[in-house]
Amino acid sequence: MRYLSTRGKAPALSFDEVLLTGLARDGGLYLPESWPSFSAAEIRALAGKPYAEVAFAVIKPFVGDTIGDADLRRILEETYGAFDHQAVAPLKQLDERTWLMELFHGPTLAFKDYALQLLGRLFDHVLQARGQRITVVGATSGDTGSAAIEACRDRAQVDIFMLHPKGRTSEVQRRQMTTILSPNVYNIALEGTFDDCQDQVKAMFNDMAFRDAMNLSAVNSINWARIMAQIVYYFVAAVALGAPDRAVAFSVPTGNFGNIYAAYAAGQMGLPLSQLIVGSNSNDILTRFFNSGAMEITAVRPTLSPSMDIQVSSNFERLLFDVLDRDGAQVSETLNGFRANGRFAVTDAQLAHLRRLFDCHRLDDAETLAEIAARHRASGELLDPHSAIGVAAAGAAVRDHVSAVVALACAHPAKFPDAVEKAAGVRPDLPARLADLYEREERCTTLPNDLSTLQDFIRDKRPPADRRGAA
Ligand SMILES: *Cc1c(COP(=O)(O)O)cnc(C)c1O
């Protein structure tokens, strides 16, 4: 399997190269040159299989022979065997035709673990084979840093440096990062804002000498392997609810468009989908796009569902590539115009084509709280604000003929206890694996908002490749 850039200019790469590269050199995102296709019989054969086995079947065609079958099976079993629930992504019925898929049974209680836990292990495997090590550098407002740290902790070929704004994350968020005491994990509390953290990370990537010397890398949401890992649970859920003999709809609380793009990819591979519902909060650039055909940037507003507070959904570029008939030059032109003018539009025919599959629904914070309260009254289910948007969008946008709609529960309610308590009057407990979070030892270094101080720190801490025998 070879991978192409959505902008058409970067060289086609193999799976391991795409895994390590992330963003293509022409600024595009990588996609498989063609979709592996699953027949109805092959999909039916997945019914009742353990999660790791379905993952092997779905992922194998993307990986090809860059990882041997036995190694891939072992990596998948290790990854998903460490999750809290034996079903890994269990389904729960909420009402006649609505199911909840719980994607919060990984170490940081959010769906990003499903991809990142695999990504860390794939990095290790591929880097070991190539005799390389990488330095992952990232910035977090508190929300996604822990998933990246959990993905990289204790990996032999990886060091991770995570910057967060000192004193500006919630205590749970900080502790989820700083209580990871693995020797290859460095938490940096920067004396500045989240924007300062992001600017410093960008500056490090723009310093080519430093970037090459440290072999800098990121684990951001545009990495193809993250999408690939997320395709798996759409197969798992659909097969459990009757696929390939019954089409299933999915409702996905959406930010960067990675998760719902994985659902679309599952459809391209042969999984019968009756509908995909994009849920948004007040940052509704996607909802406005699917209603009008125009993508128009506005300012970001903070909401109760911070993981969906986005201005531009970076993974939308992958869908745009198909809308524009896989013409990289046109994608490039469209997105350059978008960057310059803050706007682009598709034609009526292109929008009509997308709307055969996609619908959308937006909730503001008041509606999100009302949904949490209503679901708690109706079924005792506590939803986090992101999951509540998915469930409400499922109810509002599901088409009449659809017999089953799966809403994705993307985070555990205990990750957002204040919003949940405000809505439902109940404070959700942390699950067992985090119950002693407040007693654990923390480790973190406070540094000034200064590039050369940060670079010295990383140079000093990162072991030279030969010292750990990785080269
Ligand atoms: C990341 C995240 C989202 C948004 O997912 P995308 O793939 O960026 O669309 C939604 N909810 C939660 C809880 C998240 O962590």
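Remember, it's 1-based here, ligands and their atoms both numbered in the order they're listed. Small disclaimer: the values here were computed from a predicted structure and weren't measured.
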Which pair of non-hydrogen atoms, one from Ala218 and one from Phe123, has the smallest distance, and what is that distance? O-CZ, 4.4 Å

Contact between ligand 1 and Tyr261 is defined here as a heavy atom of the residue under 4.0 Å from a ligand atom; is it met? no

Any non-hydrogen atom of Pro253 lying under 4.0 Å from ligand 1? yes

Distance only, no hydrogens: is a donor on one side chain within 3.5 Å (strictly under) of an acceptor on the other, for Thr108 and Glu150? no

Below 4.0 angstrom from a heavy atom of [X], which ligand 1 atoms are there? Numbered from 1 as shown, please.
X      : result
Ala411 : 13 (C)
Gly258 : 6 (P), 7 (O), 9 (O)
Asn259 : 7 (O)

Distance from [atom] to nearest protein heavy atom, with residue and atom:
atom                    : value
atom 3 (C) of ligand 1  : Phe111 CE2, 3.6 Å
atom 11 (N) of ligand 1 : His386 CD2, 3.4 Å
atom 6 (P) of ligand 1  : Asn256 N, 3.5 Å

Name the residue from Val300, Ile285, Asn281 that meets the side chain to side chain contact (heavy atoms under 4.5 Å, CB included) definition with Ile310. Ile285

Only residue of Asn283, Asp284, Asn291 satisfying side-chain hydrogen bond (donor to acceptor under 3.5 Å, both in side chains) with Arg362 is Asp284

Return yes or no for this condition: an N or O of Gly255 is under 3.5 Å from an N or O of ligand 1. yes

Please determine if Phe257 has a nitrogen or oxygen closer than 3.5 Å to a nitrogen or oxygen of ligand 1. yes

Can you find a pair of side-chain heavy atoms, one from Leu408 and one from Pro253, that are under 4.5 Å apart? yes

Residue part near ligand 1, for Lys112, under 4.0 Å between non-hydrogen atoms: side chain

Apply ring-ring contact (aromatic ring centres under 6.0 Å, His included) to residues Phe83 and Tyr80 and explain how you reach the verdict. CA-CA 5 Å; Phe83 278 53; Tyr80 297 109; 5.3 Å; yes

